[in-house]
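Note sheet for the following structure.
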Protein chains: 2
Amino acid sequence: MLLTSACKYGIQATIYLGMQKDDSFVSIKKIAEEFTIPFHFLTKVLQLLTQAGIVESTKGAKGGVRLGKDPDAITLFDIIAVIDGEGIFHDCMLGLPGCGLNTPCPAHEFWAPIRTKYEKSARAISLKDLASDTIRKNLRIGK
Amino acid sequence: MLLTSACKYGIQATIYLGMQKDDSFVSIKKIAEEFTIPFHFLTKVLQLLTQAGIVESTKGAKGGVRLGKDPDAITLFDIIAVIDGEGIFHDCMLGLPGCGLNTPCPAHEFWAPIRTKYEKSARAISLKDLASDTIRKNLRIGK
DNA sequence: TGTAATTAAGACAAAATTGTCCGTTATTTG
DNA sequence: CAAATAACGGACAATTTTGTCTTAATTACA
Ligand code: FES
Ligand code: FES
């Protein structure tokens with residue numbers, strides 16, 4: 001499994017926020033229903049993103065969440081790093097400590113290029129890219 | 001996390017088996033000690049590989065495990081597929097059902113090429129490659 | 001033939017992830 | 001100000017993964 005469920009939910013939710021026309025707040029309940037994500041679980045995931053500044057939130061009636069930065073300034077890398085950590089982008093495929101620092105493991109030559117491509121692409125793609133693509137090509141984001 | 005711990009252990013163990021000079025059986029206890037893997041856990045992982053024919057085992061004194069096929073005929077893909085399943089090579093990054101069959105999700109354009117490279121490389125690299133590299137370049141496989 | 005070695009198999013425990021519930025806090029609206 | 005709304009935060013439950021332990025089955029060898 002490349003991403004945890006928490007991270008998948010977080011990506012879906014932020015893309016959805018990036019797709020909004022204005023900058024009004026969207027309730028987490030709405031997002032949870034849209035994607036059939038357990039509401040309270042999504043709440044916690046979005047709290048992580050809020051603490052990281054990727055999402056902004058406000059309590060109370062008419063409250064909810066929205067992106068905390070320009071969608072152009074948020075990358076897929078950022079979202080994954082906040083929720084799952086940067087491990088997937090740096091760690092040894094076999095779990096040995098300090099990939100790249102010591103002697104490589106047998107999988108290094110295989111894994112390092114793929115991981116690099118993964119990291120570069122993730123840093124290169126913004127939430128704006130993802131959201132506008134989704135609208136333009138009418139991609140499937142919910143179930 | 002790309003691979004489960006079970007899978008990492010399985011890869012380490014099979015590389016180790018591929019590095020053996022003759023085809024005598026190596027005890028699982030020996031492998032577990034070599035790599036500091038929980039013995040009974042490794043036992044179960046190797047049972048999966050045994051059932052799949054990648055590993056051969058024999059009980060009793062002088063028993064143990066060895067590769068069940070020519071190391072040239074076992075790929076990294078095979079090992080991962082047996083232990084973690086083929087999901088990582090086929091599944092939608094966001095967990096939507098039927099990646100590639102229906103409308104793509106927003107992450108598809110990002111993920112599909114990386115996943116393809118991952119699968120192709122994993123199918124292209126054999127246990128013989130991994131094991132001989134490890135010996136030739138004196139790579140670090142244990143801790 | 002009997003004993004030690006070693007995998008197989010299943011039950012169980014611990015830890016991590018995922019999911020649920022409830023009370024608190026803050027905000028809008030009437 | 002009161003009521004409704006909605007995020008926050010903590011406790012707790014379910015599930016999955018990881019790790020441990022015990023017993024059975026099989027093999028080598030003295
Ligand atoms: S050392 Fe293992 S992948 Fe780099
Ligand atoms: S449909 Fe999501 S990665 Fe292909």
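Reminder, nothing fancy here: chain letters follow the sequence lines and each chain counts from 1. Excluded from the calculations below are hydrogen atoms, water molecules and symmetry mates; all remaining heavy atoms, backbone and side chain alike, are included.
- With ring centers used as reference points, Y118(B) lies 6.0 Å or more from F77(B).
- Projected onto DNA chain D by closest heavy-atom contact, S27(A) and C7(B) fall at different nucleotides, the more 5' of which corresponds to S27(A).
- A salt bridge is absent between K29(B) and E34(B); no separation between the charged side-chain nitrogens and carboxylate oxygens falls under 4.0 Å.
- Panel note: side chain Q12(A), backbone I141(A); a donor-acceptor pair is recorded below 3.5 Å.
- Relative to the side chain of S57(A), the nucleotides dT18(D), dA7(D), dG19(C) differ in distance, and dA7(D) lies closest.
- A donor-acceptor pair under 3.5 Å is absent between the side-chain atoms of D133(B) and the main chain of L130(B), judged by distance alone.
- In this structure, OH of Y9(B) is placed 13 Å from C1' of dT20(D), rounded to the nearest angstrom.
- Counting distance only, with no hydrogens placed and no angle test, the side-chain atoms of K44(B) and the base atoms of dG10(C) include a donor-acceptor pair under 3.5 Å.
- Computed from coordinates, the M1(A) CE to dT18(D) C1' distance equals 13 Å when rounded to whole Å.
- Rounded to whole Å, the distance from CG on D84(A) to P on dA16(C) is 16 Å.
- When the P atom of dT27(C) is taken as reference, atom CZ of F25(A) falls 10 Å away, rounded to whole Å.
- Rounded to an integer number of Å, the gap from CG of L17(B) to C1' of dT7(C) is 14 Å.
- For H40(B) against dC12(C), a side-chain-to-base donor-acceptor contact under 3.5 Å is absent.
- The distance between atom CD of E56(A) and atom C1' of dA7(D), rounded to the nearest whole Å, is 14 Å.
- Using a 4.5 Å cut-off on side-chain heavy atoms (C-beta onward), I31(A) and L42(A) make contact.
- When ring centroids are compared, F35(A) and Y9(A) stay outside the 6.0 Å threshold.
- The environment of E109(B) atom CD is sparse: at most 12 non-hydrogen atoms of other residues, nucleotides or ligands sit within 6.0 angstrom.
- What separates CZ of F39(A) from P of dT5(D) is a distance of 13 Å, to the nearest Å.
- Residues from residues 58-67 of chain A that place a heavy atom under 4.0 Å from any atom of DNA chain C, listed by number: T58(A), K59(A), G60(A), A61(A), K62(A).
- Backbone-only contact: I28(B) has heavy atoms under 4.0 Å from sugar-phosphate atoms and none from a base.
- Here dA8(C) is the nucleotide among dT20(C), dT18(D), dA8(C) with the atom lying nearest to any side-chain atom of T43(B).
- One can place CG of L42(A) at 13 Å from C1' of dA6(D), the figure rounded to the nearest angstrom.
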